[in-house]
Amino acid sequence: MALDELKSAIPDFAKDLKLNLGSVIGNSELPKQQLWGTVLACAIASRSPKVLRELEPEAKANLSPEAYTAAKSAAAIMAMNNVFYRTRHLLSDPEYGTLRAGLRMNVIGNPGVEKVDFELWSLAVSAINGCGQCLDSHEQVLRKAGVDRETIQEAVKVASVIQAVGVTLDAEAVLAE
């Protein structure tokens, strides 16, 4: 199992990450599609080759082809949107917020899976990429759709652990060179 290989690669000084990785994936209360879509989208967003190589096969095995593609689409579109909207939010000139974005985002309207799943994946990627405006937007859509705070927090926990594992393993790889 790739998850076990990933956990075994985590150094002893990061034992909490190893335990948390097993917990947020192995004991998650998220439905299978929401969980594995979150895992895949976050593995991509983590930018860690090791994390993506280890988690992608299991995600692919647990997702329909449509959900697999949609999770990758969530990571892709949020890579763009998180930079764009975070920048607009951080600029002190509020006029940027009134300008038309002019960027294609068709996948958000028609992701090929349940809108709630795609929104959850987009929120998790936005947590990794640090876009407060996107986090607020996706959280509001999820809450209006009846998703409880615990579910949203569960996705953020997956995002935070996957990101931390990626940072740790990538740093260790550099230090081992």
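For the numbers below, each heavy atom of this structure counts, side chains included, while hydrogens, waters and symmetry mates do not.
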Under the rule for side chain to side chain contact (heavy atoms under 4.5 Å, CB included), what residues qualify as partners of A9, not counting sequence neighbours?
K50, L169

Looking at residues at least two apart in the chain, or sitting in another chain, which of them share a side chain to side chain contact (heavy atoms under 4.5 Å, CB included) with N110?
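In terms of side chain to side chain contact (heavy atoms under 4.5 Å, CB included), with neighbours along the sequence ignored, N110 is linked to no residue.
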
Can you hop from [X] to [Y] via hydrophobic side chains spaced under 4.5 Å?
X	Y	answer
I77	V83	no
V165	L19	no
I128	L135	no

Compare every heavy atom of [Y] with every heavy atom of [X], then report the nearest pair and how far apart it is.
X	Y	answer
A67	V113	CA-CG1, 3.5 Å
A74	W121	CB-CB, 3.9 Å
R104	M80	O-CE, 3.5 Å
L30	S28	N-OG, 3.0 Å
V24	E154	O-OE2, 4.3 Å
I152	L120	CA-CD1, 4.2 Å

Within 6.0 angstrom of Q133 CD, more than 12 heavy atoms from elsewhere
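Yes, CD of Q133 has more than 12 neighbouring heavy atoms, counting only those of other groups under 6.0 Å.
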
For [range], pull every pair meeting side-chain hydrogen bond (donor to acceptor under 3.5 Å, both in side chains), keeping only residues two or more places apart or in separate chains.
range	value
residues 156-166	none
residues 16-26	none
residues 74-85	N82-S126, N82-N129
residues 63-75	E56-Y68, S64-E66

Each residue besides L90 in its hydrophobic cluster should be listed here, by chain and number; the cluster joins Ile, Leu, Val, Met, Phe, Trp and Tyr at side-chain heavy-atom distances under 4.5 Å.
none

Within this structure, what is the CG-CG distance for the pair L55 and L3, rounded to the nearest 0.5 Å?
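L55 atom CG to L3 atom CG measures 6.5 Å (nearest 0.5 Å).
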
Return all side-chain donor-acceptor pairs below 3.5 angstrom for residues 95-103, not counting sequence neighbours, or 'none' if the list is empty.
{"residue": "T98", "atom": "OG1", "partner": "E95", "partner atom": "O", "Å": "2.6"}

Partners meeting side chain to side chain donor-acceptor pair (under 3.5 Å) with D148 (sequence neighbours left out)
T151

Please tabulate, one pair per line, all N/O donor-acceptor pairs under 3.5 Å involving side-chain atoms of residues 34-47, not counting sequence neighbours.
{"residue": "Q34", "atom": "NE2", "partner": "D117", "partner atom": "OD1", "Å": "2.9"}
{"residue": "T38", "atom": "OG1", "partner": "Q34", "partner atom": "O", "Å": "2.6"}
{"residue": "S46", "atom": "OG", "partner": "A43", "partner atom": "O", "Å": "2.8"}
{"residue": "S46", "atom": "OG", "partner": "S48", "partner atom": "N", "Å": "3.2"}
{"residue": "R47", "atom": "NH1", "partner": "A45", "partner atom": "O", "Å": "3.1"}

Pair up each side-chain donor or acceptor in residues 136-147 with any protein partner under 3.5 Å, not counting sequence neighbours, and list the distances.
{"residue": "H138", "atom": "ND1", "partner": "E119", "partner atom": "OE1", "Å": "2.5"}
{"residue": "R143", "atom": "NH1", "partner": "V147", "partner atom": "O", "Å": "2.9"}

Kindly state each residue pair satisfying salt bridge (charged side-chain N to carboxylate O under 4.0 Å, His left out) with at least one member in residues 166-177, sequence neighbours excluded.
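For residues 166-177, and leaving out neighbouring residues, there are no salt bridge (charged side-chain N to carboxylate O under 4.0 Å, His left out) pairs at all.
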
